[in-house]
2 protein chains.
Amino acid sequence: MAHITTSVEYGIHCLLWLSGSGEVSLSSRDLAELQGISPSFLAKIFPKLEKAGIVAASEGVRGGYRLAKPASEITFLDVVDAIEGEKPLFECQNIRTRCAVFDGDAPDWVCEGICGVHGVMLLAEKAMRDVLAKKSLADVGTAFMRKAPQSFGTDVGTWIDDRVKGRKPGRTPKNSGPPG
Amino acid sequence: MAHITTSVEYGIHCLLWLSGSGEVSLSSRDLAELQGISPSFLAKIFPKLEKAGIVAASEGVRGGYRLAKPASEITFLDVVDAIEGEKPLFECQNIRTRCAVFDGDAPDWVCEGICGVHGVMLLAEKAMRDVLAKKSLADVGTAFMRKAPQSFGTDVGTWIDDRVKGRKPGRTPKNSGPPG
DNA sequence: AAAAACGAGGATAAAACTAGTCCGCGTTAT
DNA sequence: ATAACGCGGACTAGTTTTATCCTCGTTTTT
Ligand code: FES
Ligand code: FES
């Protein structure tokens with residue numbers, strides 16, 4: 001896990017939407033437009049979440065994604081690893097073996113075990129991963145919903161319904177009909 | 001602090017060499033050649049360590065760097081922040097404010113406080129930084145020296161002496177004299 | 001059967017970042 | 001004066017991140 005990227009922010013926020021929509025599948029295009037992010041970019045993130053067993057995909061029209069397990073069983077670490085591929089926080093180049101006094105032939109006592117510096121980095125990474133592993137989507141999803149007023153849920157419902165009909169409320173649809 | 005880079009590995013290993021060399025200044029070129037890494041690249045790292053008050057520089061011939069304070073008072077976090085500039089682990093793009101149902105005008109209840117997702121990332125970052133803040137150079141330096149045999153220290157001493165004289169032991173010097 | 005809405009995946013591109021090089025400047029011991 | 005030093009900027013190459021587009025196969029609707 002190198003740097004927690006924007007892809008992870010997109011992914012987790014999408015999963016929170018899915019956790020609020022129950023058994024109904026939402027397409028990646030739905031989720032992208034709902035959040036004002038790039039549909040084509042989001043479409044590259046979801047296959048990773050599916051391979052990790054976090055979401056289940058259904059193909060064809062009216063298909064989309066739903067959570068493959070309860071939100072309480074999906075941790076932040078699961079999502080980060082699924083999207084970023086378990087890259088380490090720190091990649092040791094083993095410079096300790098390159099000391100000039102060895103002249104290209106490092107003795108055994110240098111190589112045994114991992115470098116102390118590397119060890120500290122691994123400890124730091126583990127501390128970070130432990131925090132991420134202890135937080136589930138449900139933990140933050142409920143907090144988010146507590147802040148939202150009742151009207152928000154219904155607004156979202158009507159937005160999705162209108163979108164299915166090819167119309168967006170409050171703006172002029174671009175492709176509402178052929179010219180002439 | 002984004003991803004802990006190779007620059008940090010170089011920097012910390014150099015500081016460990018400095019912590020072992022007492023009051024004697026070592027130049028960045030010495031340190032680079034001693035460890036088999038790029039002198040020009042290392043030369044870009046040290047000014048950062050100096051501005052952070054980790055090392056003290058002396059200019060002119062026979063100048064170089066020494067630790068500005070005891071190794072036990074220099075933490076890994078100090079070095080990482082000095083070299084990488086306190087970049088966050090995660091940069092929130094505030095996508096929560098872009099929800100389509102707000103139509104570009106997010107209400108107050110969305111913006112209040114930080115996003116729950118961001119909050120988890122900050123917790124993870126803090127856990128990592130706490131580990132780095134609790135480890136000093138002295139902690140890993142002593143462990144390293146315990147592994148090394150007695151001969152290593154003297155070998156290093158002679159290597160440095162020979163280097164000052166413009167000769168490297170065990171190999172044919174490239175510029176030992178003009179041809180003819 | 002045709003069309004439309006979906007996911008999967010590849011090819012490509014722009015921007016940002018990392019690692020590394022090169023050069024010129026001022027400083028200082030010899 | 002010279003050579004060894006630190007400082008700093010310009011520069012390059014390679015990789016990663018973010019994003020777009022296009023094709024393909026699948027599935028529901030018409
Ligand atoms: S050799 Fe890689 S951290 Fe020490
Ligand atoms: S809006 Fe950035 S993490 Fe939620």
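Any value given below was found using the heavy atoms of this structure, including those in side chains, with hydrogens, waters and symmetry copies removed. Just so we're on the same page: letters track the sequence lines, and every chain starts at 1. Bear in mind the structure is a predicted one, so any value in this text is a computation, not a measurement.
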| said: Through direct or indirect side-chain contacts below 4.5 angstrom among Ile, Leu, Val, Met, Phe, Trp and Tyr, which residues connect to A:Val24? | reply: none
| field | Residue pairs involving residues 89-102 of chain B (criterion side chain to side chain donor-acceptor pair (under 3.5 Å); sequence neighbours excluded) | value |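 Every side chain to side chain donor-acceptor pair (under 3.5 Å) pair that includes a residue of residues 89-102 of chain B, provided the two are not neighbours, is B:Asn94-B:Arg96.
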| message | Tell me if a side-chain donor or acceptor on B:Asp130 pairs with a main-chain N or O of B:Ala127 at a distance below 3.5 Å. | response |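 Side chain of B:Asp130 to backbone of B:Ala127: no pair is present.
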| query | Just by distance, do the side chain of A:Glu84 and the backbone of A:Val80 share a donor-acceptor pair under 3.5 Å? | reply |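 No; judged by distance alone, with no hydrogens or angles, the pair does not exist.
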| Contacts of B:Lys147 that satisfy side chain to side chain donor-acceptor pair (under 3.5 Å) - sequence neighbours left out |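 Per chain and number, B:Lys147 pairs via side chain to side chain donor-acceptor pair (under 3.5 Å) with no residue.
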| query | Who passes side chain to side chain donor-acceptor pair (under 3.5 Å) against B:Thr6, sequence neighbours left out? | reply |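 Expected list: none.
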Name every residue in [range] that has at least one heavy atom under 4.0 Å from any atom of DNA chain C, in order of residue number, or write none if there are no such residues.
range                     : answer
residues 39-58 of chain B : B:Ser40, B:Phe41, B:Lys44
residues 6-15 of chain B  : B:Thr6, B:Ser7, B:Tyr10
residues 17-31 of chain A : A:Ser27, A:Ser28, A:Arg29

Between N or O atoms, less than 3.5 Å apart, protein on one side and nucleotides 27-30 of chain D on the other: list the pairs.
residue : atom : partner : partner atom : Å
D:dT27  : O2   : A:Val61 : N            : 3.3

For residues 41-62 of chain A, which side-chain N or O atoms pair as donor and acceptor with protein atoms under 3.5 Å away, sequence neighbours left out?
residue : atom : partner : partner atom : Å
A:Ser58 : OG   : A:Gly64 : N            : 3.3
A:Ser58 : OG   : A:Gly64 : O            : 3.3

| Got a second to check how far A:Leu132's CG is from B:Leu123's CG, nearest 0.5 Å? |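 If we round to the nearest 0.5 Å, A:Leu132:CG and B:Leu123:CG are 9.5 Å apart.
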Who are the side-chain contact (heavy atoms from CB on, under 4.5 Å) partners of [X], not counting sequence neighbours?
X        : result
A:Ala148 : A:Phe152, B:Trp109
B:Ala143 : B:Arg146
A:Pro39  : A:Ala32

| request: Tell me, yes or no, whether the heavy-atom count around B:Lys69 atom NZ, taken from other residues, nucleotides or ligands under 6.0 Å, exceeds 12. | output: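 Yes, NZ of B:Lys69 has more than 12 neighbouring heavy atoms, counting only those of other groups under 6.0 Å.
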| message | Measuring to OP1 and OP2 of C:dA19, would you say a side-chain N or O of B:Thr5 lies under 4.0 angstrom away? | response | yes
| task | May I have the distance from A:His3 (atom NE2) to C:dA16 (atom C1'), rounded to whole angstrom? | result | 11 Å
| query | A:Ile37 CD1 to D:dT20 C1': how many Å, rounded? | reply | 15 Å
| query | Does the pair B:Arg129/B:Asp81 count as a salt bridge with the N-to-O cut at 4.0 Å? | reply | yes
